[in-house]
Engineer: 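Dumping the structure here so I can ask a few things about it.
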Amino acid sequence: MNQEIDKNSEIEAIRHSTAHVMAEAVSSIFPDAKLGIGPAIENGFYYDFDLPRPLTPDDLPAITTKMKEIIKANKPFIQKNISREQALDLFHDQPYKLELINDIPDETLSIYSHGNFVDLCRGPHLPSTGKIKAFKLTTIAGAYWKGCEHNSMLQRIYGLAFPSRLELEEYVKKVEEAAKRDHRKLGKDLDLYSIYDEAGPGLVCWHPDGAVIRRTIEDFWKREHDMRRYSIIYTPHIAKLNMWKTSGHWDFYRDYLYSPMVIDEEEYLLKPMNCLYHILIYNSRKRSYRELPLRFAELGTVYRYEPSGTLHGMSRVRGFTQDDSHIFCRYSQLEKETVQVLDLAMYMINTFGFEKYQVKLSTRPEKFAGSDEMWQNATDTLKKALEIKNIAYEVDPGEGVFYGPKIDIKFEDAMNRAWQGPTIQVDFNLPQRFNVTYTGEDGQEHPVAMIHRTVLGSMERFMACITEHYGGSFPVWLAPVQVQVIPVADRHLDYAKKIEADLRKELLRAIVDTSSSTVNHKIRGAQMKKVPCMLILGDKEIAAGTVSVRWRSGEQDNNITIDKLLKILLDTVSQQTS
RNA sequence: GCCCACAUAGCUCAGUAGGUAGAGCACGUUCUUGGUAAGAACGGGGUCAUCAGUUCGAAUCUGAUUGUGGGCUCCA
């Protein structure tokens with residue numbers, strides 16, 4: 001354990017030291033460079049600079065060369081403690097460093113130098129620059145000073161740094177592997193979806209094969225919700241602006257809303273959320289405590305304005321369909337409902353093969369709706385629910401939304417990248433604004449407890465996620481084409497079509513390759529489309545009345561009967577396995 | 001939205017001293033009827049993102065716009 005900590009801090013020192021070396025290299029090329037900060041990060045480091053001209057990728061080789069010289073010179077890193085005045089004097093022409101110094105309360109400040117280069121720094125560092133064994137500058141990017149969009153934009157250079165060349169190469173390979181799984185690339189290769197310049201950025205069109213996957217997920221989702229006594233509803237895409245003024249969305253989320261449209265002299269808004277319609281349905285008549293909890297669920301399509309720079313394939317878009325639900329219950333039922341939502345959430349993400357996840361409980365922020373007591377009770381209830389489900393979680397203090405505490409679940413995909421998954425939010429605000437109540441045993445109206453929750457997030461983002469998670473090799477139950485039927489020659493077409501029909505009768509997605517190419521070529525085509533099951537049918541199979549199977553993995557099951565194949569496939573589909 | 005880069009055929013990409021576009025794959029036709037990851041020939045297909053400008057002449061140079069990518073910020 002201690003060794004692990006030592007190793008981590010050593011790697012951190014390597015990365016941080018490399019950042020200093022890069023800062024010296026950049027300073028020597030641009031004597032007027034103003035330095036921002038340069039920390040170690042996962043896999044490497046970055047350093048922010050204010051430079052007289054924009055950097056281009058062509059600048060990186062020169063910086064790299066300079067860095068190699070500095071490393072070769074093997075300059076020792078020397079730490080010194082200096083007084084505040086000395087520091088202010090030392091960095092008098094480095095405005096960003098001065099700002100940092102002024103942010104530090106201590107009277108004694110730590111600096112590190114190697115050769116003539118000095119930086120304000122807590123350390124630790126390597127003994128000398130020569131200890132840096134493997135680094136690679138990767139990208140240049142803009143970054144706001146202190147990460148605040150109102151500050152000036154600095155130029156950031158990102159780099160990788162590892163203890164050895166081998167580890168660096170391994171990491172580079174891993175990044176290449178991730179690029180192969182990028183849902184934008186696979187989305188094109190597998191013909192799953194597209195976004196059109198003509199139509200607008202962030203607006204996704206689902207192609208037939210992508211739509212099959214989505215529909216399969218939706219069917220699964222609906223079945224699960226039916227079983228768990230949710231009521232699935234449908235609501236319109238626009239509603240009067242006034243409704244969003246009442247809810248507070250118009251004030252709080254204006255930046256994310258599209259401009260209102262005028263219909264019959266009345267302003268309407270494209271809906272950014274489904275909750276208000278769900279409240280309308282709840283409020284359509286008086287509700288008794290006897291019918292609670294009411295769980296309204298909808299695959300609801302919403303539209304939000306997202307800044308152009310944040311759009312990303314299918315995972316960050318402007319129109320998307322949430323797997324949304326609003327649960328209306330009594331406060332005494334909150335715990336049980338939360339437990340049930342957690343149960344559903346865990347079941348769904350496990351079904352898609354996600355095993356690792358992190359759970360966060362976000363508590364009251366500075367600005368909030370409701371009372372202290374409501375927050376305290378609801379937060380405790382969420383905690384209790386997590387404990388009942390035996391789910392490890394971290395508390396994220398002050399990170400709750402203004403209207404209530406929430407649970408966020410992030411899960412890791414096959415490449416160990418985290419995706420935002422299920423969220424469960426308690427809402428104190430909307431029930432109050434829309435007077436959402438129920439009649440209790442006492443005949444009095446009581447405020448309802450309202451939970452917003454999604455499990456998959458949005459169909460678009462979830463599709464991006466599973467595409468990358470499976471690397472495009474979707475498990476049989478999700479695969480757009482489950483079986484590619486490959487006749488060896490034209491005379492085997494009739495048999496191939498009969499087999500296709502047998503599979504279709506069982507709702508298996510089978511397609512005959514009727515092209516006149518060779519068997520090899522047909523197999524290659526199916527392999528590239530990542531079709532899980534290929535049937536090769538020729539004279540032998542017709543004579544025996546069987547099929548020969550080539551699985552996507554390359555494994556073979558020759559000469560099996562159609563009944564046996566059906567059983568294998570239908571079992572795989574119903575078990576939702578690969 | 002901000003910083004930087006990029007934008008050529010459906011896809012992946014060539015095309016630098018500015019002289020009206022090319023490959024592979026895919027697609028179509030024909031030949032081939034093949035046994036587990038590319039059979040062959042021929043063919044169709046591009047106002048080189050859009051709009052201006054410089055020039056006798058622009059895919060190529062300049063500017064603007066749109067879109068995309070990597071970041072920042074943000075987020076389902």
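Convention: sequence-line order gives letters A, B, ...; per-chain numbering from 1. We use all heavy atoms of the structure for the numbers below, so side chains are in, but hydrogens, waters and symmetry mates are not.
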Engineer: Heavy atoms under 4.0 Å, any strand shown: does A:Ser516 hit a base, just sugar-phosphate, or nothing?
Structural biologist: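 Here A:Ser516 touches the bases of the nucleic acid.
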Engineer: Taking the side chain as every heavy atom from C-beta outward, state whether A:Leu566 and A:Leu508 have any atom pair closer than 4.5 Å.
Structural biologist: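 Yes. Closest side-chain heavy atoms under 4.5 Å.
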Engineer: Would you please name every residue forming a ring-ring contact (aromatic ring centres under 6.0 Å, His included) with A:Tyr158, sequence neighbours left out?
Structural biologist: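 Applying ring-ring contact (aromatic ring centres under 6.0 Å, His included) to A:Tyr158 gives A:Tyr46.
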Engineer: Students often get this wrong, so: under 4.0 angstrom with heavy atoms, is A:Glu149 touching a base, only sugar-phosphate, or nothing?
Structural biologist: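 Sugar-phosphate only.
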Engineer: Is A:Lys540 touching bases, backbone alone, or none of the nucleic acid, heavy atoms closer than 4.0 Å?
Structural biologist: base
Engineer: When all nucleic acid strands are considered with a 4.0 Å heavy-atom cut-off, which category describes A:Glu460: base, sugar-phosphate, or nothing?
Structural biologist: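 Here A:Glu460 touches no strand at all.
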Engineer: Using a 4.0 Å heavy-atom cut-off across all strands, classify A:Val488 as base, sugar-phosphate, or nothing.
Structural biologist: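 Base, at least one base atom sits under 4.0 Å.
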Engineer: Is the ring pair A:Tyr47/A:Phe49 parallel, tilted or perpendicular, if the boundaries are 30 and 60 degrees?
Structural biologist: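 Because their plane-to-plane angle is under 30°, the rings of A:Tyr47 and A:Phe49 count as parallel.
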Engineer: Using the six-membered ring of A:Phe402, assess whether NZ or CZ of A:Arg364 lies under 6.0 Å from its centre and within 45 degrees of the ring axis.
Structural biologist: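 No.
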Engineer: Students often get this wrong, so: under 4.0 angstrom with heavy atoms, is A:His492 touching a base, only sugar-phosphate, or nothing?
Structural biologist: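 If one applies the 4.0 Å heavy-atom cut-off, A:His492 turns out to touch nothing in the nucleic acid.
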Engineer: Answer with base, sugar-phosphate or nothing: what part of the nucleic acid does A:Thr454 contact at a heavy-atom distance below 4.0 Å?
Structural biologist: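 No contact at all - A:Thr454 keeps every heavy atom at 4.0 Å or more from the nucleic acid.
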Engineer: Is the A:Phe162-A:Tyr171 ring centre distance short of 6.0 angstrom?
Structural biologist: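 Close enough - the centres of the two rings lie under 6.0 Å apart.
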Engineer: Between CZ of A:Phe352 and CG of A:Leu478, what distance do you get to the nearest 0.5 Å?
Structural biologist: 5.5 Å
Engineer: What does A:Asn558 touch in the nucleic acid at a heavy-atom separation under 4.0 angstrom: a base, only the sugar-phosphate, or nothing?
Structural biologist: base
Engineer: Show me the dot-bracket string of RNA chain B, counting Watson-Crick or G-U pairs under 3.5 Å, with | for pairs to another strand and [ ] for crossing ones.
Structural biologist: (((((((..((((.....[..)))).(((((.......))))).....(((((..]....))))))))))))....
Engineer: Is the shortest distance from a Lys or Arg side-chain nitrogen in A:Glu460 or A:Arg214 to a carboxylate oxygen in the other one below 4.0 Å?
Structural biologist: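 Salt bridge present between A:Glu460 and A:Arg214.
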Engineer: Touch check for A:Tyr305, heavy atoms < 4.0 angstrom, all strands: base, sugar-phosphate only, or nothing?
Structural biologist: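 If one applies the 4.0 Å heavy-atom cut-off, A:Tyr305 turns out to touch the sugar-phosphate alone, with no base involved.
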Engineer: Anything under 4.0 Å to a heavy atom of chain A counts; send over the first and last such nucleotide of RNA chain B, read 5' to 3'.
Structural biologist: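 Listing 5' to 3', RNA chain B meets chain A from B:G1 to B:A76.
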Engineer: What verdict does the salt bridge (charged side-chain N to carboxylate O under 4.0 Å, His left out) test give for A:Arg181 and A:Glu177, after you've listed the backbone C-alpha separation in whole Å, the side-chain angles of each residue and the deciding distance to 0.1 Å?
Structural biologist: CA-CA 7 Å; A:Arg181 288 166 169 259; A:Glu177 177 58 27; 3.4 Å; yes
